[in-house]
There are 2 protein chains.
Amino acid sequence: MATNHTQIEQLLKQHDIRPSYHRIKIYQYLVEKRNHPSVDMIYQDLIQEIPTLSRTTVYNALNLFMEKNLVIMITIAENETRYDANVDLHGHFRCINCGKILDVFFNKESLPIKGLEACIVKESHIYFKGYCPECQAEA
Amino acid sequence: MATNHTQIEQLLKQHDIRPSYHRIKIYQYLVEKRNHPSVDMIYQDLIQEIPTLSRTTVYNALNLFMEKNLVIMITIAENETRYDANVDLHGHFRCINCGKILDVFFNKESLPIKGLEACIVKESHIYFKGYCPECQAEA
DNA sequence: GTATCTGCAAAACATTTGCAATTCT
DNA sequence: AGAATTGCAAATGTTTTGCAGATAC
């Protein structure tokens, strides 16, 4: 990964976010792992390194990041919110079997969607569910 | 609306669902209102007519309907699940201002999506957020 | 020294579950 | 009677909030 603390710090500052130790760690986690984590995944992994970390801090950081357009919310899992530090337009695929989330790509202009003509679109969300290549093999 | 109790009853039976009074009312609500309601919207509206109705019954019915592929779940609103009796492939648009949910249409085969090639897709979900025609006028 | 950030505990939600009472056939 | 359905109350799980102590500028 081409990201170190200094780079992460710059990114946070550029988005008007004061780069506290916890925020740097949380944002670095999102950028490096690219695993579309839930709050609890971030919490469980980072508490190994930062034993005093609390879930509240993870929630606080993510809500701030979203407000500042540094991360997006993914609603692909029923009961928990997932987060993504890739804010460029893209979609997701979630494997019904293993739960893994993959990125998929599309171009907003080329989407053949009817019924949106009179609307001003601010956000586009696309996601799929099914079996990933690995889980097809097993089945 | 071309739906009456008898027709609704038939539809439930065809999907292996015993047509109890509550289930008929709840399914009829979805089919006739087409308003992509939350559990609470259904509950608040139907309790006028059925004073003994409980939220649990609404949850029970909707979960059964989903299991039997009679309704689909829509995850367009952050904090609550919405439901739709239109199970044909389509997407949604939610107005950031008034909260209204509109239907949009697309064709799965014609979607220019990259990254899905090796996956077996079972469900496709597409939704947008922005301003509906009415709310553009106000703003 | 004043703002901000953190973290605990409690609260606020939506949803599920256990179970007893009711209803349907 | 027997099986399914309903509905209350409690439990669950995620996210938010209030507030006190710690930290940063």
Side-chain angles (χ1 to χ4, degrees), chain A residues 5 8-9 12-13 15-30 36-68 70-84 99, chain B residues 5 8-9 12-13 15-29 36-68 70-83 94 99 101:
Chain A
H5 273 247
I8 293 288
E9 234 181 288
L12 293 178
K13 279 185 192 164
H15 287 257
D16 261 326
I17 296 167
R18 294 168 72 151
S20 74
Y21 177 69
H22 293 80
R23 288 172 181 167
I24 291 171
K25 282 299 197 178
I26 293 166
Y27 186 57
Q28 190 174 32
Y29 180 95
L30 284 157
H36 313 91
S38 63
V39 164
D40 214 58
M41 286 164 73
I42 299 172
Y43 173 75
Q44 295 299 343
D45 284 354
L46 286 185
I47 202 164
Q48 313 288 336
E49 261 186 274
I50 316 165
T52 62
L53 183 68
S54 86
R55 256 174 266 259
T56 305
T57 299
V58 181
Y59 278 108
N60 286 342
L62 290 169
N63 287 338
L64 181 64
F65 295 168
M66 282 198 291
E67 202 181 295
K68 302 293 190 184
L70 202 61
V71 309
I72 54 167
M73 180 188 281
I74 307 175
T75 59
I76 202 169
E78 251 81 78
N79 39 1
E80 59 183 9
T81 303
R82 300 300 198 99
Y83 300 87
D84 195 341
Chain B
H5 273 248
I8 295 288
E9 234 181 287
L12 293 177
K13 280 184 191 165
H15 287 258
D16 260 329
I17 297 168
R18 294 168 72 147
S20 73
Y21 177 69
H22 294 79
R23 287 173 182 166
I24 291 171
K25 283 297 198 181
I26 293 166
Y27 186 55
Q28 190 174 30
Y29 180 95
H36 314 90
S38 63
V39 164
D40 215 58
M41 289 165 71
I42 299 172
Y43 174 75
Q44 295 298 343
D45 284 354
L46 286 185
I47 202 164
Q48 313 288 337
E49 263 187 274
I50 315 165
T52 61
L53 183 68
S54 86
R55 254 174 267 261
T56 305
T57 299
V58 181
Y59 278 108
N60 285 343
L62 290 168
N63 286 337
L64 182 63
F65 295 167
M66 283 199 292
E67 203 180 293
K68 301 292 190 183
L70 202 60
V71 310
I72 55 167
M73 181 188 277
I74 307 175
T75 58
I76 202 170
E78 251 83 77
N79 38 0
E80 57 184 8
T81 303
R82 300 299 200 100
Y83 299 87
R94 179 161 195 261
I101 296 178

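Per chain, numbering begins at 1; letters A, B, ... match sequence-line order.
For the pair N60(B) CG and dG18(C) P, the computed distance is 13 Å after rounding to whole Å. Protein atom CG of L62(B) is 14 Å distant from nucleotide atom P of dG7(D), rounded to whole Å. R18(B) has its CZ atom 13 Å from the C1' atom of dT6(D), to the nearest Å. The CD-C1' distance, from E80(A) to dT16(D), rounds to 17 Å in whole Å. Spacing between atom CD1 of I50(B) and atom C1' of dT5(D) amounts to 14 Å, rounded to whole angstrom units.
Of the possible donor and acceptor atoms, one in the side chain of R82(B) sits under 3.5 Å from a partner among the backbone N and O of H36(B). With R55(B) contributing its side chain and D40(B) its backbone, the two residues share no donor-acceptor pair below 3.5 Å. At least one donor-acceptor pair under 3.5 Å links the side chain of H15(A) to the backbone N or O of K68(A).
For dA3(C), the base adopts the syn conformation, since its glycosidic angle falls within 90 degrees of zero.
Which of dG7(C), dC5(C), dT16(D) sits closest to the side chain of S20(A) comes down to dC5(C). Ranking dT15(D), dT15(C), dC25(D) by closeness to the T81(A) side chain, first place goes to dT15(D). Nearest to the side chain of T57(A), among dT14(D), dT6(D), dT6(C), sits dT6(C). The side chain of Y59(B) sits closest to dT16(C) out of dT16(C), dT6(C), dT6(D). Checked against dT16(D), dA14(C), dG7(D), the side chain of S54(B) finds its nearest nucleotide in dG7(D). Residue L53(A) places its side chain closer to dG7(C) than to any other of dG7(C), dG7(D), dT4(C).
At the phosphate of dT16(D), OP1 or OP2 sits under 4.0 Å from a side-chain N or O atom of N63(A). Between T52(A) and dG7(C), a side-chain N or O to OP1/OP2 separation shorter than 4.0 Å is present. Look at R23(A) and you'll find a side-chain N or O under 4.0 angstrom from OP1 or OP2 of dC5(C).
Across the interface with DNA chain D, nearest-nucleotide mapping of I17(B) and R55(B) shows I17(B) to be the residue nearer the 5′ end. Judged by closest nucleotide on DNA chain C, H22(A) is the one of T56(B) and H22(A) placed further toward the 5' end. Toward the 5′ end of DNA chain C lies the nearest nucleotide of V39(B), the other residue of the pair Y21(B) and V39(B) mapping further downstream.
Y29(A) has its side chain out of reach of K25(A): every pair of non-hydrogen atoms, C-beta onward, lies at least 4.5 Å apart.
With a 3.5 Å ceiling on both atom-pair distances, dT23(D) lacks any Watson-Crick or G-U wobble partner.
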